[in-house]
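Read through the structure below, which is laid out as structure tokens, and then see the notes.
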Amino acid sequence: MTNEILKINDLNKSFAKRKVINKLDLTVSRGDIYGFIGANGQGKTTTIRMITGLVFPDSGEILINGKSVFNEKKTSLKNLGAMVEAPRFYENLSGYENLKLMANLIDNVGEKEIQEVLELVHLSDRQKDKFSNYSMGMKQRLGIANTLLGNPDLIILDEPTNGLDPNGMEEINELIIYLAKTFQKTFFISSHLLHEMEGICNRIGILHQGKLCVEGELKELLFQSNVANLKELYFQKVGYHHA
Ligand SMILES: Nc1ncnc2c1ncn2[C@@H]1O[C@H](COP(=O)(O)OP(=O)(O)OP(=O)(O)O)[C@@H](O)[C@H]1O
């Protein structure tokens, strides 16, 4: 078992003639809460869609636990749970019914595990409510419950706190930290919310112009760059542009 749970080597992706991802290298180690940070349109979602096998790169390599997402798709993706953009569920089904449908797609996931993941995200007592009646925070938590089905080691969350109020954000952040500490889950979280990321991530990578302009342990990066926080680090590395 490799300590590098996610490894991206020399990844490239263009749409029409626009290069979005340009020689991207990235490493996530087991146990990290990794913040994948970048401004709007820098290619975070595109990268995540490539990691989850939804989009094909032009070239390069993505390994999960040392297994290629493109050459060994089934084995590599078995160890991955992902919530890409907003979680998509059936509005007229309950939270439970939605999870049950997702669980049916995964080998060896039964009733017990569905109830366990609902408990973990604090939705047990609302599992029979229709998804359409859930608050945004509840919808995100159901999305995270879905990523936990099948007990993967690596969880990818694309902007998990986008649109949530401070209380909803705190709930999601606490849940991520709890799952990482209690079940040794590794998280790869994309966001442009610097303060949020600083609060939960041990390691970060800043995506700028298609590649990482900085990657490493957050505390070390702040120390080495002689800055007080992630926001200062971000502007030091990326620069400040008037819109
Ligand atoms: N299928 C597609 N066809 C053409 N262009 C695309 C496609 N998907 C993404 N792009 C373009 O690629 C660039 C990166 O988009 P992406 O959604 O990956 O960025 P992002 O960092 O996730 O941004 P945001 O924070 O706004 O979600 C954008 O310019 C976008 O318009």
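Worth knowing before you read on, the calculation uses all heavy atoms, side chains too, and leaves out hydrogens, waters and symmetry mates. Just so you know, ligand 1 is whichever comes first in the structure, and atom 1 is the first atom listed for that ligand. Heads up: numbering here begins at 1 and tracks the sequence.
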Nearest non-hydrogen contact with atom 25 (O) of ligand 1 belongs to which option: R18, K44, Q42?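 Closest candidate by heavy-atom distance is K44.
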
For atom 15 (O) of ligand 1, which candidate among I48, T46, N40 provides the closest heavy atom?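 That would be T46.
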
Give a yes or no on whether a salt bridge exists between R30 and D153, defined as a side-chain N under 4.0 angstrom from a carboxylate O.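 Yes, R30 and D153 are salt-bridged.
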
Apply salt bridge (charged side-chain N to carboxylate O under 4.0 Å, His left out) to residues E91 and K130 and explain how you reach the verdict. CA-CA 7 Å; E91 295 281 336; K130 272 191 184 178; over 6 Å; no

At less than 4.0 angstrom from any non-hydrogen atom of [X], what atoms of ligand 1 do you find?
X	answer
T45	17 (O), 18 (O), 20 (P), 22 (O), 27 (O)
V20	12 (O), 13 (C), 14 (C)
E159	25 (O), 27 (O)

Find out if a path of hydrophobic residues (ILVMFWY) with successive side-chain heavy-atom gaps under 4.5 Å connects V84 to V20.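 As far as the 4.5 Å side-chain criterion goes, V20 and V84 are connected within one cluster.
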
Looking at K7, E215, R203, which one forms a side-chain hydrogen bond (donor to acceptor under 3.5 Å, both in side chains) with T27?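 For T27, the side-chain hydrogen bond (donor to acceptor under 3.5 Å, both in side chains) check succeeds only for K7.
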
Please determine if G43 has a nitrogen or oxygen closer than 3.5 Å to a nitrogen or oxygen of ligand 1.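 By distance alone, the answer is yes.
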
Output yes when the distance from some N or O of ligand 1 to some N or O of G41 is under 3.5 Å, and no in every other case.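 Checking ligand 1 against G41, an N or O pair does fall under 3.5 Å apart.
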
Greater than 12 external heavy atoms within 6.0 Å of N92's CG: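 Yes.
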
Protein heavy atom at shortest distance from atom 9 (C) of ligand 1: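 That would be F15 CE1, 3.5 Å.
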
Under 4.0 Å and counting heavy atoms only, is there anything from the protein next to atom 2 (C) of ligand 1?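 So atom 2 (C) of ligand 1 has protein heavy-atom neighbours under 4.0 Å.
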
Counting only non-hydrogen atoms of the protein, does one fall under 4.0 Å from atom 19 (O) of ligand 1?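 Within 4.0 Å of atom 19 (O) of ligand 1, protein heavy atoms are found.
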
Are the side chain of S191 and the backbone N or O of L193 linked by a donor-acceptor pair below 3.5 Å?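 Yes, S191 side chain to L193 backbone: donor-acceptor pair under 3.5 Å.
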
Lys NZ or Arg CZ of K139 over F131 ring: under 6.0 Å, within 45°: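 K139 over F131 ring: yes.
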
Heavy-atom contact check, 4.0 Å cutoff: does A39 meet ligand 1?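 Checking ligand 1 against A39, which is what was asked, there is a heavy-atom contact under 4.0 Å.
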
R49 to ligand 1, any heavy atom closer than 4.0 Å: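 Under 4.0 Å: no for R49.
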
State, yes or no, whether a side-chain contact exists between I189 and Y34 at a heavy-atom distance under 4.5 Å.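 Counting from C-beta outward, I189 and Y34 never come under 4.5 Å.
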
